[in-house]
Amino acid sequence: MKKKSLSYLIVAVVLVLTFFIVKDTFNQPGIEDMKAGFKEIVKYRNANNTGPVQRIYVVTVKDSVWKEMEDYGNLMPHTKYGNTKVYFFMQNGNVPKTLQPGEVNFDPAFNKACIALYEKSAMSQVAFNKNPY
């Protein structure tokens, strides 16, 4: 009788642990939980799947919450040996609508409106710069 109740207890503990693991998996904080009001305006990804993948994003925010901007950048896709850049602009400001690869990713006329730049390099080093221009 004791072995049977011990078996039920073990099964109950495993079920409770499984419930909490699944619950935590589906309740992870995401972009929609952030207060800065992120909106992706335009993105670029090169078609080169055999070499470094370059991802570039232009994102607007309602409020310049620096920590959330860095967290947003950390949530963006990144490929090993690739490069990911996220340019942040204020929601009602002057925002580029087109992007191109390389060192200069949009028309320099938009530089003054860029409030932050998040960059993850090919070696996964992260840089977050306020007012990069």
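Minimum interatomic distance between Gly37 and Lys62 (heavy atoms only, all atoms of both residues): CA-CE, 3.6 Å. Residues Phe128 and Glu70 approach most closely at CE1-N, 3.9 Å, considering heavy atoms.
Under the 4.5 Å side-chain heavy-atom criterion for grouping Ile, Leu, Val, Met, Phe, Trp and Tyr, Val126 is connected to Val86 within one hydrophobic cluster. Residues Val95 and Phe110 share a hydrophobic cluster, clusters being chains of Ile/Leu/Val/Met/Phe/Trp/Tyr side chains in contact below 4.5 Å. Connection of Trp66 to Leu117 is not established within any shared hydrophobic cluster, with ILVMFWY side chains joined at heavy-atom distances below 4.5 Å, either directly or through further cluster members.
With a 6.0 Å radius and a threshold of 12 heavy atoms from other residues, nucleotides or ligands, Tyr81 has its OH atom at or below the threshold.
Aromatic pair Phe106/Phe89: ring centres closer than 6.0 Å.
Counted by atom type alone, Tyr118 and Asn74 present one or more donor-acceptor pairs between their side chains at under 3.5 Å.
For the pair Ile41 and Val59, the minimum side-chain heavy-atom distance is 4.5 Å or more.
Note that CG of Asp71 is 8.0 Å distant from CZ of Phe38, once rounded to the nearest 0.5 Å. Note that CD of Glu119 and CD of Gln125 are 10.5 Å apart. Values are rounded to the nearest 0.5 Å. In this structure, CE in Met69 is found 12.5 Å from CG in Asn129, a value given to the nearest 0.5 Å. To the nearest 0.5 Å, the span separating CD1 on Ile10 from CG on Leu15 amounts to 12.0 Å. To the nearest 0.5 angstrom, Lys43 atom NZ is 10.5 Å from Arg45 atom CZ. Note that CG of Asn83 is 8.0 Å distant from CD1 of Ile56, once rounded to the nearest 0.5 Å.
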(request) Begin from the C-alpha positions of Val42 and Tyr44 and carry the test side-chain contact (heavy atoms from CB on, under 4.5 Å) through to its verdict. (result) CA-CA 7 Å; Val42 64; Tyr44 169 85; over 6 Å; no
(request) I would like to know whether Val13 and Leu17 meet side-chain contact (heavy atoms from CB on, under 4.5 Å); could you show each step before the answer? (result) CA-CA 6 Å; Val13 168; Leu17 286 174; 4.0 Å; yes
(message) Before you tell me yes or no, could you show the steps for Met90 and Ile115 under side-chain contact (heavy atoms from CB on, under 4.5 Å), namely the whole-Å CA-CA distance, both residues' side-chain angles and the distance that decides it to 0.1 Å?
(response) CA-CA 7 Å; Met90 292 306 291; Ile115 60 170; 3.5 Å; yes
(message) For a side-chain contact (heavy atoms from CB on, under 4.5 Å) check, start with the C-alpha distance between Val53 and Asn46, then their side-chain angles and the critical distance, and finish with the verdict.
(response) CA-CA 6 Å; Val53 174; Asn46 64 333; 3.8 Å; yes
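Checking side-chain atoms of His78 against main-chain N and O of Gly73 turns up no donor-acceptor pair under 3.5 Å. Without hydrogens or angle criteria, Thr84 side chain to Pro77 main chain gives a donor-acceptor distance under 3.5 Å. Remark: the backbone N or O of Ala113 is not paired with any side-chain donor or acceptor of Asn94 at under 3.5 angstrom.
The side chain to side chain donor-acceptor pair (under 3.5 Å) test applied to Thr79 returns Arg55, not counting sequence neighbours.
For residues 95-113, the side chain to side chain donor-acceptor pair (under 3.5 Å) pairs, not counting sequence neighbours, are Lys85-Asn105, Tyr87-Asn105.
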